[in-house]
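Let me begin by presenting the structure, written as structure tokens, before commenting on it.
Chain identifiers are assigned alphabetically (A, B, ...) following the order of the sequence lines, protein sequences preceding nucleic acid strands; residue numbering begins at 1 within each chain.
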Protein chains: 2
Amino acid sequence: MSSGSPKDEVSSGALHSTVLDTIGRQIVSGTLAEGHVLRLEQVQQQAGVSRTVARETVRVLESMGLVRSRRRVGIIVQPRSSWNVFDPLVIWWRLAGPGRDIQLRSLTELRIAVEPLAAAAAASNASAQDRERLVRLATSMRGHGEAGELEEFLELDIEFHTLMLTSSGNEMFAALTDVVAVVLRGRTTLGLMPRHPVAEALDLHEEVAHAVAARRAADAETAMRELLGEVRDAVVPHGV
Amino acid sequence: MSSGSPKDEVSSGALHSTVLDTIGRQIVSGTLAEGHVLRLEQVQQQAGVSRTVARETVRVLESMGLVRSRRRVGIIVQPRSSWNVFDPLVIWWRLAGPGRDIQLRSLTELRIAVEPLAAAAAASNASAQDRERLVRLATSMRGHGEAGELEEFLELDIEFHTLMLTSSGNEMFAALTDVVAVVLRGRTTLGLMPRHPVAEALDLHEEVAHAVAARRAADAETAMRELLGEVRDAVVPHGV
DNA sequence: TTAGCGCCAATGGTACTACGAATTGATCCG
DNA sequence: CGGATCAATTCGTAGTACCATTGGCGCTAA
């Protein structure tokens, strides 16, 4: 366990998920290039596991679109275009590997696309207490942000956006919570954040929260779009 | 094989993917409710397969977040919130089951979020021939649309949006091509499409294409947003 | 009543076997 | 000499039997 995993992942059965992790990283990082052919026997020997475990691993890898196993040929590493890039594990692996900043950019663009609509949907669908909680989170963020407490600020930021996505009532949006959390964390660890959150960001978080609380969907959407506009500038310097 | 599968899915090994399909559908459709506990032995008996195959199936199901297997307990069906709703198979199953229209709505909202940004990105990043091809597709769509040839129109529509997403240069967007294709197909089969595509949609497709061709990102984005605004009205009657 | 111990069922993991399919190469015929 | 057919090899697929591990549940004793 060098860098952990998104959640605890698989509770008990650590064996098969270990080798899954190993091979997954290798493929995603490009160590195992597209077209490379693995053999099942090779997998079990390198990982020191039995045939059954190796097969289970390959099956999961196959369901992620990372490999494709053909009889008499072997286990063929598939091109990036057939990967399930939305799979949490795949995202995790890519963020751990070389293409980290590229991945962060893709994910940030996805955020920019989704979150404004999520905010609008939340304004329409969120429960009263969720809407109130959003406002409280925004004010807390201002407090910790102005105090320069980046750690607490980050956690609140994550909670804010997570709650926004989950309370949108759209499960596809809600499924992106982990992604957003990873992006936010990755952004700070990569040093893409100013030491103090800019005042404008603090204002916009509150603006979004208040718009959602007042069920003004259109306002929430535009405010969120502005908010993410700054994020774009930080992560994607050269326009789109 | 009652209704097929997104692609050919798994080429040769049909056995494990058959039982995967069966159980997956049952969970997604709610036949196997959240918290329901399966036992591995039960799985192999019901499907009439060996332990090995049953285990592989469970592993894949687990990687999709549909189940979680714990020792001494069994295979526990997980709540919807932990499903990988972006997994192509999960999407497929949901569209085949009862929650079909809910799923279509979620996916349509996702389209509304993503495609405008994808159009903008395509305007910046697409190759010259891709941009040209988009224009030609839009004009073809007009021809077949006005002639009332829905079949051909649908295929062109799919190709148009697919090309838009792939040429955006963002792999997360590109990964949504199958989703968009499914939504478009599902929309027509559900009878949510007018018999003749409305003239405005035809205009907007051309507008988007020309904006992308001329590399006017902002125009492409707004035109695409308008285009999808109509789609929203068709699928999501009651404002978001 | 409750705290702690221990049983055992159910999954996790391994090894071995048989089978089928696809590729490759060798043979045979034109 | 070239092309086509057929067989052997090789690898994934499927099945079975077996041991290891663990954690929930019941039993017992204080």
Worksheet entry | Asn125(A) side chain vs Ala121(A) backbone, donor-acceptor pair below 3.5 Å | yes
Worksheet entry | Arg59(B) side chain, from C-beta outward: closest of dA14(D), dG12(C), dT11(C) | dG12(C)
Worksheet item: Taking only residues two or more places apart in sequence, or in another chain, which ones meet Glu41(A) in a salt bridge (charged side-chain N to carboxylate O under 4.0 Å, His left out)?
Response: none
Item to complete: Provide, to the nearest angstrom, the distance between the CG atom belonging to Leu38(B) and the P atom belonging to dA10(C).
Response: 13 Å
Table of protein N/O atoms under 3.5 Å from nucleotides 23-26 of chain C N/O atoms:
{"from": "dT23(C)", "atom 1": "OP1", "to": "Arg70(A)", "atom 2": "NH2", "distance (Å)": "3.4"}

Discussion item. What is the distance, to the nearest angstrom, from the CD1 atom on Ile75(A) to the C1' atom on dC11(D)?
Written reply: 10 Å
Worksheet, complete the sentence: Rounded to the nearest 0.5 angstrom, the CD-OG distance for Glu62(A) and Ser69(A) is 4.5 Å
Worksheet item: Which ones in residues 40-53 of chain A lie close to DNA chain D, meaning a heavy atom under 4.0 Å from one of its atoms?
Response: Leu40(A), Arg51(A)
Worksheet entry | Salt bridge flag under 4.0 Å for residues Arg80(A) and Glu171(B) | yes
Worksheet entry | Length of the line joining Glu56(A):CD and dA14(D):P, which is rounded to integer Å | 13 Å
Worksheet item: To the nearest angstrom, how far is Arg55(A) atom CZ from dA15(C) atom C1'?
Response: 14 Å
Fill in: Derivation and outcome, side chain to side chain contact (heavy atoms under 4.5 Å, CB included), residues Glu56(B) and Arg55(A)
CA-CA 7 Å; Glu56(B) 288 170 5; Arg55(A) 280 185 56 178; 2.6 Å; yes
Worksheet entry | side-chain hydrogen bond (donor to acceptor under 3.5 Å, both in side chains) involving Glu155(A) - partner list, sequence neighbours excluded | Arg185(A)
Discussion item. When the axes are fitted on five pairs at both termini, how much does the helix from dT1(C)-dA30(D) to dG30(C)-dC1(D) curve, in 10° steps?
Written reply: 10°
Worksheet entry | Length of the CD1-P vector between Ile76(A) and dC11(D), whole Å | 13 Å
Fill in: Least distance between heavy atoms, Val73(B) atom then Arg39(B) atom
O-NH1, 3.9 Å
Worksheet item: Less than 4.0 Å between a side-chain N and a carboxylate O, is that true for Asp21(A) and Arg25(A)?
Response: yes
Practice prompt. Tell me, with the steps shown, if Phe160(A) and Val208(A) meet side chain to side chain contact (heavy atoms under 4.5 Å, CB included).
Written response: CA-CA 10 Å; Phe160(A) 180 87; Val208(A) 172; 4.3 Å; yes
Response to the item:
Residue set satisfying side-chain hydrogen bond (donor to acceptor under 3.5 Å, both in side chains) with Arg131(A), at least two apart, ordered chain then number -> none
